[in-house]
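In what follows, a structure is listed as structure tokens, so that the remarks can point back to it.
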Amino acid sequence: QVQLVESGGGLVQAGGSLRLSCAASGRTFSAYIMGWFRQAPGKDREFVAAISRSGESTLYADSAKGRFTISRDNAENTLSLQMNSLKPEDTADYYCAGQRYVAFTRLAANSDSAQMYDSWGQGIRVTVSS
């Protein structure tokens, strides 16, 4: 498994932006499909975005489309989530997650399912004030 550590969370006003980062340890980051999930207080964990090993393929939850951008730098072992036009309902703990996968350019069919991922960060809080 890869070890993951998130950073970049905090408090932001509605309409503002934040960029989350996820640093991965080890030399096999490029072997993993990576994803972002979030969990709001009292709610289930939900999918936000995923990216293939190469970075060529991405998938977004409807709530993230047009506002969030997932990206990765395999040379630097980092995953990012640029979040723009933030809304109070984006308030949650955000988690990065990874899953080893054979295909390099495409995502798995269930890349939006938390059960697919076996490496998780500790989570970071994002609070959007109205």
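One-based numbering along the sequence shown.
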Margin query: Could you work out, with side chain to side chain donor-acceptor pair (under 3.5 Å) as the rule, every residue matching Ser17, not counting sequence neighbours?
Written below: Asn84
Next item on the list: Scan residues 61-94 for pairs that pass ring pair (Phe, Tyr, Trp, His ring centres under 6.0 Å), counting only residues two or more places apart or in two chains.
Entry: none
Item checked: For Arg45, side chain to side chain donor-acceptor pair (under 3.5 Å) partners two or more places apart -> none
Item checked: Pairs involving residues 49-84, ordered by first then second residue, that meet disulfide bond (SG atoms under 2.5 Å apart) (sequence neighbours left out) -> none
Notebook entry, point to check: Got a sec, which residues hit side chain to side chain contact (heavy atoms under 4.5 Å, CB included) with Gln3, two or more places apart in sequence or on another chain?
Noted result: Ser25
Margin query: Which residues pass the salt bridge (Lys or Arg N to Asp or Glu O under 4.0 Å) test with Arg125, not counting sequence neighbours?
Written below: Asp93
In a table with atom names and distances, give each donor-acceptor pair under 3.5 Å that connects a side chain of residues 97-107 to protein atoms at least two apart or in another chain.
unit_1 : atom_1 : unit_2 : atom_2 : d
Tyr101 : OH     : Arg106 : NH1    : 3.0

Next item on the list: Could you list the residues that satisfy salt bridge (Lys or Arg N to Asp or Glu O under 4.0 Å) with Glu46, not counting sequence neighbours?
Entry: Arg38
Notebook entry, point to check: Does Asp44 have any salt bridge (Lys or Arg N to Asp or Glu O under 4.0 Å) partners at least two apart in sequence or in another chain, and if so, which?
Noted result: none
Next item on the list: Could you tell me which residues satisfy salt bridge (Lys or Arg N to Asp or Glu O under 4.0 Å) with Lys43, sequence neighbours excluded, listed by chain and number?
Entry: none
Next item on the list: Would you please name every residue forming a side chain to side chain contact (heavy atoms under 4.5 Å, CB included) with Gln122, sequence neighbours left out?
Entry: Val5, Glu6
Item checked: Any residue meeting ring pair (Phe, Tyr, Trp, His ring centres under 6.0 Å) with Tyr117, in chain and number order, not counting sequence neighbours -> Phe37
